[in-house]
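Below you'll find the structure, written out as structure tokens, and then a few comments.
Because the structure is a prediction, the values reported are computed rather than measured. Chain letters run A, B, ... following the sequence lines, proteins first, then strands; residues in each count from 1. Just so you know, these numbers use all the heavy atoms, side chains as well, and skip hydrogens, waters and symmetry mates.
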There are 2 protein chains.
Amino acid sequence: MRKTKTPLPADSVAATRTAEYKAAVVRENRRVTSYDVALLAGVSQSAVSRCFKPGASVSPTTYARVMKAAAGLDYIPNAAARSLITRRSNMVAVVMCHVANLYYPEALAELSQQLARRGKRVLLFTVQHEDEVEHILGDIWQYQVDGAIIAATLSDEQVQEFERRGLPLVVFNRNLRGRTVNSVLCDQYEAGRMLATRLAAAGHRQFGIMAGPDGSAVAAERRAGACDRLLELGLPPPVLVTGQFDYASGARGLRELIERLGHPPDAVICGNDVMALGCLDLARHELGIDVPGTMSVAGFDAVEPTGWLSCNLTTLRQPMHNMALAAADLLTSMIESHGSHLAEKRTFAPQLVPGATARLAPLAGASLAA
Amino acid sequence: MRKTKTPLPADSVAATRTAEYKAAVVRENRRVTSYDVALLAGVSQSAVSRCFKPGASVSPTTYARVMKAAAGLDYIPNAAARSLITRRSNMVAVVMCHVANLYYPEALAELSQQLARRGKRVLLFTVQHEDEVEHILGDIWQYQVDGAIIAATLSDEQVQEFERRGLPLVVFNRNLRGRTVNSVLCDQYEAGRMLATRLAAAGHRQFGIMAGPDGSAVAAERRAGACDRLLELGLPPPVLVTGQFDYASGARGLRELIERLGHPPDAVICGNDVMALGCLDLARHELGIDVPGTMSVAGFDAVEPTGWLSCNLTTLRQPMHNMALAAADLLTSMIESHGSHLAEKRTFAPQLVPGATARLAPLAGASLAA
DNA sequence: TTGTATGCGTTATCAA
DNA sequence: TTGATAACGCATACAA
């Protein structure tokens, strides 16, 4: 204790006491708790707790003293302890497959933002293939998240486990047939149909379809939509190849299409943009094919590079912002309703981005206006 | 109770008891706890706890009984409760600025994977601008993460707060001058120098430098490296413009360069790849400039599209995989050493990706061999 | 190896 | 409005 002739001003005394407290906490290798703050502020621990709960009843003077003590001690409530009793962790598990791919980051960024706006943080689970999801479910249960948004295909058993555990679940961009589960998706089947319709209307007859990998549900639906529509229209059966959703696959796919047909198809519908760009580059820069003069190329997703001059791809956009918003809303609503929320499927329409790599017929509405 | 003439087989009895337990848990609106498992397995709660702790001493029979009971009740230890006592949440905060940008997703995916391998999960904090970081620090303290990896510039005070709270911190790809803080980075200054050197050696004299936004430390270092090197080489002062790291900025920047010079520069060093591609597209497709014949264009990051045929950009690659690995290692080591880990800065060299948008002189070594 | 007892840091209930 | 007290679900020291 330092001795002074004149008594210390109140502020200084407070500062000294605060410093002593902090030293004690460090010495005893503890964390700063609400109890420390209470002691320093001269109130009960529950008073401190109430000060950090919005809308609790505390007198202004108590509040001020507590906040001052808390600030001095760098006190922040411990979310783990809180979640133990409130049963709310304010964390949401987000599961994604290829975060490094071009389309997921946008979804993730939007989700993170929308959830943050609702006071929830994203606990991220990345996985290389969709079938690895099983391995991380255990972690999801452990971490006591308030809910999960999963951009992967779940089995019936897996969905049931969510239900059994009462864990709110939103499936993102996967169409789980036969299961009533909350989901947000872009209508991939319709997207495939739409592209086929518009291309066919422009006079293309021989189609090549370069689908995504076999494991992908999204790929399967886009392919099915396009194929079904072409069949309906009575066009010659399209030639079908598959790729891995990557750039190299796009080039390989086009080579295979040409080999099987003996010539380039009139139009190539690619499973996603990256494949479409691989296809496009090969056609233009290696094979010297006139796109869209003699061959049209289109993709899905409208990822950023498709808007660039040198790409300017014809593609279909998924309204990612709205989808993320919907997912966050659905999940929040489930969390808040404690399971009484009815399962809902929110499907968004894809939006055609004309680009310059495909000849498209004008819309019916446009021709009327002409 | 169902009455049966013959006694139920042991398995069936167990199943019935398990079902009763589950029903009770639901009825009382509780969660399944280690205590429930203990009761069902006929052991103490601590025995259950030990069964879920790797390397604890439990007899095989106890272990088997506990695990059976646990499986029957879908029991999983509660990580929040555990973290309260172990002081480990097994969560790491990752803070990033524009997750939707092309370069971050790769970093995030790598980080998530490397951390998962070490038993840690990523709690994601996304932010629009680097100066918003301040707002999320409070959340970081709350969530009791074991450490943080931050891809944003921190102020001295902010770094000090991490130290004060004893929270392990790794700064990702930001060079915090004057502060001893663990960081992993790619040498952006050297990258700028390298590009200037190689372009100058190929005979380019009049440079345009299209830097990234003013707020970005990475942008500033790349620009400084290039400028300093050009000055050293005694070349005419480069014309300097800035952009926002986006595609549109690249085109705008080139227009501005041409306007200020009266003609295209010999070479444009762009602050990142996306701007470089914007610049390149404008030059080739709108202005009809021969790239790299009369003007060279180069960028930084080697994001995926730069490898595509129609882009094939000359750029510098950051060894993201190694950087993520280093960051995860640094952080784990800090966490495990309880603060005795000495601050370390791990700097990785950028790697030139020649591409086809810039004339580059052969390396000194190559010319010797000739 | 096993069980008992205690504490982690908070919120919630209730009486004052 | 305030304070005492009891959970929340687990891990750990200690005794058996």
Side-chain angles (χ1 to χ4, degrees), chain A residues 21 25 28-67 69-70 73-91 141-146 165, chain B residues 21 24-25 28-67 69-70 73-90 141-146 165:
Chain A
Y21 262 102
V25 166
E28 296 164 21
N29 190 28
R30 307 187 289 106
R31 309 194 209 191
V32 177
T33 71
S34 56
Y35 198 75
D36 296 312
V37 177
L39 234 51
L40 185 59
V43 298
S44 74
Q45 182 270 332
S46 23
V48 176
S49 175
R50 278 191 289 263
C51 287
F52 284 90
K53 176 177 175 165
S57 90
V58 216
S59 74
T61 55
T62 304
Y63 184 82
R65 285 166 64 193
V66 166
M67 282 319 192
L73 295 176
D74 285 331
Y75 170 77
I76 299 271
N78 181 323
R82 167 184 293 161
S83 78
L84 209 53
I85 195 149
T86 61
R87 298 203 183 177
R88 280 283 161 83
S89 64
N90 290 327
M91 299 190 299
W141 314 142
Q142 283 219 9
Y143 278 101
Q144 308 297 122
V145 294
D146 296 338
R165 295 179 179 273
Chain B
Y21 262 101
V25 166
E28 297 165 21
N29 190 27
R30 306 186 292 106
R31 308 197 212 193
V32 177
T33 72
S34 56
Y35 198 75
D36 296 313
V37 177
L39 234 52
L40 184 58
V43 299
S44 73
Q45 181 268 330
S46 43
V48 176
S49 175
R50 279 191 288 262
C51 286
F52 284 90
K53 177 179 176 165
S57 89
V58 218
S59 73
T61 54
T62 303
Y63 183 83
R65 286 167 62 192
V66 166
M67 283 318 192
L73 295 177
D74 285 331
Y75 169 77
I76 298 271
N78 181 323
R82 168 184 291 162
S83 79
L84 210 53
I85 197 156
T86 61
R87 298 202 180 176
R88 281 282 161 81
S89 64
N90 290 326
W141 314 141
Q142 284 217 10
Y143 279 101
Q144 308 298 119
V145 295
D146 295 339
R165 295 178 179 275

Just call it for [X]: base, sugar-phosphate, or nothing, with non-hydrogen atoms closer than 4.0 Å on any strand.
X	answer
B/Tyr63	nothing
A/Phe52	nothing
A/Ser83	nothing
B/Val58	sugar-phosphate
B/Ser59	sugar-phosphate

Got [X] and [Y] here, is their nearest side-chain heavy-atom distance under 4.5 Å?
X	Y	result
A/Ile76	B/Arg165	yes
B/Tyr143	A/Asn90	yes
B/Asn29	A/Arg87	yes
B/Pro77	B/Arg82	yes
A/Tyr75	A/Met67	no

Calculate the interatomic distance between [X] atom [atom1] and [N] atom [atom2]; express it in whole Å.
X	N	atom1	atom2	value
B/Gln45	D/dA11	CD	P	8 Å
B/Arg88	D/dT12	CZ	P	11 Å
B/Tyr35	D/dA11	OH	P	16 Å
B/Leu39	D/dC10	CG	P	14 Å
B/Lys53	D/dC10	NZ	C1'	12 Å
B/Arg50	D/dC14	CZ	P	14 Å
A/Arg65	D/dT1	CZ	C1'	13 Å
B/Glu28	D/dG9	CD	P	11 Å

With a cut-off of less than 4.0 Å, is there a side-chain N or O of B/Ser49 near OP1 or OP2 of D/dC10? no

Any B/Thr33 side-chain N or O less than 4.0 Å from OP1/OP2 of D/dG9: no

Work out which heavy atom in B/Ala81 is nearest to a heavy atom in A/Leu84; give both atom names and the distance. CB-CD1, 3.5 Å

Interface limits on DNA chain C, where chain A has a heavy atom under 4.0 Å of a nucleotide atom: C/dG9 to C/dA12

Give me the bend of the helix from C/dT1-D/dA16 to C/dA16-D/dT1, using the axes of the five pairs at each end, rounded to 10°. 30°

Please tell me which of B/Ser44 and A/Ile85 maps to the more 5' nucleotide of DNA chain C, matching each residue to the nucleotide holding its nearest heavy atom. B/Ser44

If only side-chain N and O atoms count, and only distance matters, is there a donor-acceptor pair under 3.5 Å linking B/Ser59 with B/Thr62? yes

Kindly list each side-chain donor-acceptor pair under 3.5 angstrom involving residues 32-40 of chain B, sequence neighbours excluded, with atom names and distances?
unit_1	atom_1	unit_2	atom_2	d
B/Thr33	OG1	B/Tyr35	N	3.1
B/Thr33	OG1	B/Asp36	N	3.4
B/Thr33	OG1	B/Asp36	OD2	3.4
B/Ser34	OG	B/Gln45	NE2	3.2
B/Asp36	OD1	B/Arg30	NH2	3.0
B/Asp36	OD2	B/Arg30	NH1	3.3
B/Asp36	OD2	B/Thr33	N	2.9

Any donor and acceptor pair, going by atom type alone, linking the side chain of B/Arg88 with main-chain N or O of B/Ser83 inside 3.5 Å? no

Give, for atom CZ of B/Arg50 and atom OG of B/Ser44, the distance between the pair rounded to the nearest 0.5 Å. 5.5 Å

